[in-house]
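Single-structure report; data block below.
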Amino acid sequence: MVALNRGFVALTGRLEVTGDVPDDLRGTPLLLASNHISNLDPMTLVAASRRIDLAPRFVLAGGLLGVPVVGWVLRRSGHLGVDRESGNAAAAMADIVAALRAGVPIVIYPEGKISLDPGLWPERGKTGLARIALGSGARVVPVSQWGAHEACYWGNLKVSGWQDLLPYLTSWLRSVRRRPALRVHFGAPVDLSDLSEGRPGDARRAHERIMRAIADGLAPLRADEPDLPAFHDPTRPTTGSSPWRPTA
């Protein structure tokens, strides 16, 4: 599957990877915190991670693991699901911590969804990743992505027929022809050493540091698009807002 994914990403665009994960963090509890800009983010991040010899597992929406065939493949690949509405969040968090302590890198999107900010900067997000980091002692590496939004439209919230798949297919075929740059940057680990799990406000402080690190790493990747993305996705709502865009 890794080989197939690498071929798919190579066909989709030009993968550019910068940064790395320090050697002393490999094999230790490690969280990769990434911004979310496209449905193709996981495939791009898997290919980028292989460039630096990492094989992370993703924390995905629980519904994906229940999809026929696809869900089975994801579960067999070791990816984890969390569904707050089903009441399995506590069990899912225990599974995530167990995987971290076994030395498996875990990818979490703090925003929980593709950004709807007009500029495609990260939205505010939730503190779940920060709480896991503080509770498990895992180090956090911020990951910034740019370009995958050009390879696949936001599309539809639900797919009920083949017509709902057309935005994804047509945008991907256009990407194969245009071959956009798919940029992924692994930043320096976020320093959370002065924060603790039980102290009031520390989860929020940790979350803010993580999100600002992601946004700071994103700025150079989109230096020529600081305001609005040059690529316009007519299917993506722009109802969100980002508090993390660097001001300088």
Side-chain angles (χ1 to χ4, degrees), residues 1-15 34-48 57-77 79-86 88 92 107-126 145-184 218 222 225 227-242:
M1 286 191 62
V2 170
L4 287 174
N5 182 76
R6 184 167 56 243
F8 173 79
V9 172
L11 184 63
T12 301
R14 297 172 286 111
L15 182 62
S34 177
N35 63 317
H36 205 354
I37 60 172
S38 167
N39 290 299
L40 294 187
D41 285 352
M43 286 77 95
T44 304
L45 187 46
V46 164
R57 303 295 186 267
F58 286 73
V59 175
L60 305 168
L64 285 175
L65 300 186
V67 176
V69 182
V70 173
W72 180 85
V73 171
L74 292 172
R75 291 193 302 272
R76 292 288 293 177
S77 299
H79 300 295
L80 304 169
V82 59
D83 188 347
R84 295 178 183 274
E85 295 183 0
S86 70
N88 79 331
V107 177
I108 298 180
Y109 295 103
E111 295 168 86
K113 61 182 179 65
I114 295 172
S115 174
L116 301 184
D117 172 66
L120 207 53
W121 289 92
E123 289 195 61
R124 180 165 295 279
K126 303 181 184 300
Q145 296 194 95
W146 190 248
H149 62 291
E150 298 187 30
C152 184
Y153 278 166
W154 183 84
N156 306 282
L157 285 176
K158 295 183 179 180
V159 176
S160 56
W162 68 269
Q163 289 186 329
D164 294 330
L165 295 174
L166 285 179
Y168 305 110
L169 180 60
T170 55
S171 57
W172 181 74
L173 290 174
R174 185 181 299 112
S175 175
V176 170
R177 185 175 67 253
R178 296 178 61 250
R179 297 191 52 73
L182 309 175
R183 302 185 177 101
V184 180
L218 177 60
R222 52 176 299 177
E225 303 171 70
D227 297 315
L228 299 177
F231 179 84
H232 174 63
D233 177 354
T235 71
R236 184 177 70 92
T238 53
T239 54
S241 62
S242 171

Considering residues at least two apart in sequence or located in another chain, which fulfil the side-chain hydrogen bond (donor to acceptor under 3.5 Å, both in side chains) criterion with [X]?
X    : result
D41  : H36
R183 : E16
T235 : D233
E111 : none

ask   = Any donor and acceptor pair, going by atom type alone, linking the side chain of N5 with main-chain N or O of M43 inside 3.5 Å?
value = yes
message = If we ignore hydrogens and angles and just use 3.5 Å, is the side chain of R179 paired with the main-chain N or O of A10 as donor and acceptor?
response = yes
Nearest heavy-atom pair of [X] and [Y]: which atoms, and what distance?
X   : Y    : value
I37 : A148 : CD1-N, 3.9 Å
A48 : L15  : N-CD2, 3.9 Å
A47 : V9   : CB-CG2, 4.0 Å

How long is the span from the [atom1] atom in [X] to the [atom2] atom in [Y], to the nearest 0.5 Å?
X    : Y    : atom1 : atom2 : value
S38  : L45  : OG    : CG    : 12.0 Å
E225 : L218 : CD    : CG    : 10.0 Å
I114 : N35  : CD1   : CG    : 11.0 Å
D164 : N156 : CG    : CG    : 4.5 Å

Run the side-chain contact (heavy atoms from CB on, under 4.5 Å) test against [X] and tell me which residues pass, sequence neighbours left out.
X    : result
S175 : T12, A151, P180
R174 : Y153, S171, R177, R178
T238 : P118, R236

Residues in ring pair (Phe, Tyr, Trp, His ring centres under 6.0 Å) contact with [X], at least two apart in sequence or another chain:
X    : result
F8   : W172
W154 : none
W146 : H149

key: Heavy-atom side-chain contact between Y109 and P42 under 4.5 Å   = yes
